Amino acid sequence: MGKLIGAREWETLYHGWNWADVVKDMGFVRDDGNTMVAQPHLNLDPKKMWTLDHLRRCPPLAFPERHSQRDERRRARRFRRRLQQAGPRRPTGAGRLLSQLRWVRPAPFPGRTHAGADRHRRKAGDGRKKHHVRFEPVGIEIEVDEDKTILRAAAEQGIMLMHGCKEGQCAACKSFLLDGDDVEHDRYSTFALPDYEKEEGFTLLCRAHAYEDLTIELLNYDEEMIKSGLPIQEAAVEVISKEYVTHDLVHLVVKLLDPTSSLKFFPGQYVDFAVPDRQATRSFSMANTPGRNEGLLEFVIKIYPDGLFSTFLHEEVAIGDRLDITGPFGVFTLRDAPQSDLLFLGGGAGMAPILSLLRSMAERGIERKATFYYGARRRKDLCFEKELSALADILPSFRYVPALSEPDENDGWDGETGLITDVVRRLENDLGRADAYVCGPPPMVEAALELLPTLGVADKRIFYDKFTTTGDADEQ
Ligand SMILES: Cc1cc2nc3c(=O)[nH]c(=O)nc-3n(C[C@H](O)[C@H](O)[C@H](O)COP(=O)(O)OP(=O)(O)OC[C@H]3O[C@@H](n4cnc5c(N)ncnc54)[C@H](O)[C@@H]3O)c2cc1C
Ligand code: FES
């Protein structure tokens, strides 16, 4: 336990790891699974222990210098704000002190100055429209137009940053401004970015526009995926078929209108559909694979009674209609880890990207031991049953386990029952060798994120897409 206290070499060693994985790796996990570790700074007071659940909620470990850099940054921000509030009655010597603060705010890109806050020049049309944004600790630099969000600009340049809703609501893209202040946010929810965090320097990349050169610390990133992104494209598609596969799930197939083009994507990724006549988009994951019927894209879309896109799809979209899409986005893709077993856990329309991953495994002959747990309410909510059962013939180590949470007595159901996470808890007791892929409605994904580590899945090996909704952001 003493290893956790004092010198910070271990921090460098475990850089980028989740705290829960660090303590597991260090052997500070009790055999009974109720792992508790002392808070390092509390000097082993047994009354003040962290559970693994606490640790999982902490941001991943950064290099030691990152901590002091952040602290300095916070101090500098507070000081600058106090000076701004003091206004014309600024204390004597404030200018000198401000200039001393340059050491916490060095020009990040040699040869360039901070374009910072020169809004007037910009609006007059002679200012810079592009700025350089550097991501740490990965050392990637991109150019960002002022009218694009940083997340979008990164995706266009093939850089896959962690994200979820892209609407400022889920906090998956939250990052920290290490250098540079001149950032403006589109509307976002203060649940995702509370005011005090914004004051400290946190930002939501899916809502942030850069108005000067910035250095941003990514709090959450996947080293395997970050540079694997395919540049995003805009494309027009024609509806080829629209079929109900359950009472509220539509299997939509579209074809790229330009016969010479193809939209490259990795199985598990998604595209954004524009909602016609509205400044809105909705994300939908491809259910097919890039190799199968090139030029065609398949989706499984849930119809919500008052849903903006889904009502439009249900009531208006007909075969032959044109729709506009942008993509691909997302990092819910199969990681190359041949020694690991695979656990897929899905519910509702979460079927789509998992189907894509399974179909691609079948095409590529990936015979890793794999189980797909799919949760539905009643028998009438199950879909693609035949295909999933047939996959077991192609993939000998594949098992499909559907479960009903509210089976009807007329269903004649003799399969698993209960919430899908409870079924996994019941049937699996050692997932220490497994990679888990979770996809579906947010409550199901959150329950799975709580459960899987208790069954042994390493936090870093849980990959998920939360189908977050697009309500109204409550701020900005
Ligand atoms: C990365 C990603 C991938 C996605 N992939 C898919 C996919 O493959 N298939 C798919 O069907 N959806 C998918 N979604 C969700 C999809 O983008 C829309 O949010 C969803 O279809 C609702 O859009 P809407 O315009 O019909 O409803 P909205 O107008 O956004 O919402 C209308 C009403 O429906 C409710 N509602 C909306 N979504 C949900 C929900 N998930 N659970 C409960 N209530 C809800 C809202 O609370 C609201 O009251 C994905 C989302 C993300 C972030
Ligand atoms: S992706 Fe930015 S808040 Fe959800």
Side-chain angles (χ1 to χ4, degrees), residues 149-152 154-155 160-175 185-194 197-198 202-208 218-220 244-246 248-252 265 267-276 278 280-288 297-317 325-333 346-357 377 383 438-446 463-476:
T149 64
I150 296 172
L151 185 79
R152 171 70 185 229
M160 276 298 146
L161 302 177
M162 281 294 177
H163 67 275
C165 64
K166 303 208 291 318
E167 301 275 346
Q169 297 193 50
C170 71
C173 65
K174 194 184 286 179
S175 301
H185 291 88
D186 296 332
R187 276 166 62 86
Y188 62 89
S189 159
T190 44
F191 287 110
L193 183 66
E197 283 193 357
K198 188 171 173 232
F202 288 91
T203 179
L204 297 176
L205 298 180
C206 68
R207 303 271 96 187
L218 301 174
L219 302 180
N220 208 353
Y244 279 80
V245 284
T246 72
D248 64 357
L249 287 180
V250 168
H251 182 213
L252 180 76
F265 67 93
Q269 288 195 297
Y270 68 93
V271 294
D272 282 350
F273 275 73
V275 187
R278 302 289 284 265
T281 59
R282 292 292 185 268
S283 309
F284 296 105
S285 311
M286 274 69 79
N288 63 319
L297 300 171
E298 284 181 49
F299 303 88
V300 181
I301 298 181
K302 176 157 175 158
I303 306 297
Y304 294 98
D306 298 316
L308 181 66
F309 184 86
S310 52
T311 304
F312 160 72
L313 176 65
H314 173 60
E315 292 178 356
E316 296 180 43
V317 171
I325 61 169
T326 309
F329 300 101
V331 292
F332 189 69
T333 56
M351 169 65 78
I354 295 180
L355 198 54
S356 175
L357 292 175
R377 284 198 182 144
C383 52
V438 183
C439 188
M444 189 217 76
V445 174
E446 272 143 30
F463 310 102
Y464 62 93
D465 248 358
K466 216 189 269 187
F467 285 2
T468 36
T469 63
T470 313
D472 270 351
D474 66 353
E475 210 234 347
Q476 292 269 330

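Just so it is clear, the structure is predicted and the values come from calculations on it, not from any experiment. Every number for a ligand or one of its atoms is a count from 1 in the order of the listing.
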**Message:** Using a 4.0 Å heavy-atom cut-off, which part of Y304 comes near ligand 1: side chain, backbone, both, or neither?
**Reply:** side chain

**Fill in**
The option among K302, H314, R282 carrying the non-hydrogen atom nearest to atom 18 (C) of ligand 1 is R282

**Request:** Please work out which of C165, G330, S283, A172 has its closest non-hydrogen atom nearest to atom 17 (O) of ligand 1.
**Result:** S283

**Request:** Determine, using heavy atoms of Y270 and all atoms of ligand 1, whether some pair is separated by less than 4.0 Å.
**Result:** yes

**Prompt:** Does K166 have a non-hydrogen atom less than 4.0 Å from ligand 1?
**Reply:** no

Heteroatom distance test ([X], ligand 1): nitrogen or oxygen, under 3.5 angstrom:
| X | answer |
| --- | --- |
| T311 | no |
| P353 | no |
| V300 | yes |
| S310 | yes |
| L308 | yes |
| D465 | no |

Could you list which atoms of ligand 1 come closer than 4.0 Å to a heavy atom of [X]?
| X | value |
| --- | --- |
| S285 | 3 (C), 4 (C), 5 (N), 6 (C), 7 (C), 8 (O) |
| A349 | 9 (N), 10 (C), 11 (O) |
| G307 | 24 (P), 25 (O), 26 (O), 27 (O), 28 (P), 29 (O), 32 (C) |

**Prompt:** With no hydrogens and no angle check, is any side-chain donor or acceptor of T326 less than 3.5 Å from a backbone partner on F273?
**Reply:** no

**Request:** Check for a donor-acceptor pair, side chain of Q169 on one end and backbone N or O of S189 on the other, with a separation under 3.5 Å.
**Result:** no

**Message:** Which residues pass the side-chain contact (heavy atoms from CB on, under 4.5 Å) test with T149, not counting sequence neighbours?
**Reply:** L151, R152, D186, H209

**Message:** Which heavy atom of I325 sits nearest to which heavy atom of L297, and what is that distance?
**Reply:** CD1-CD1, 3.6 Å

**Prompt:** Between H314 and Y304, do the side chains contain an N or O donor and an N or O acceptor separated by less than 3.5 Å?
**Reply:** no

**Asked** For T203, what residues pass the side chain to side chain donor-acceptor pair (under 3.5 Å) criterion, not counting sequence neighbours?
**Response** H185

**side chain to side chain donor-acceptor pair (under 3.5 Å) partners for K174, two or more places apart** = E197

So, taking the atom named [atom1] in [X] and the one named [atom2] in [Y], what distance separates them when rounded to the nearest 0.5 Å?
| X | Y | atom1 | atom2 | value |
| --- | --- | --- | --- | --- |
| E167 | L204 | CD | CG | 12.0 Å |
| T333 | F265 | OG1 | CZ | 12.0 Å |
| C170 | M162 | SG | CE | 11.5 Å |
| L193 | C173 | CG | SG | 9.0 Å |

**Within the 6.0 Å centroid threshold, strictly below: F329 and Y270** = yes

**Prompt:** Listing residue and atom name, which protein N/O/S atoms are closer to atom 4 (Fe) of ligand 2 than 2.8 Å?
**Reply:** C165 SG, C170 SG

**Asked** Under a 4.5 Å cut-off applied to non-hydrogen side-chain atoms, are F332 and C439 in contact?
**Response** yes

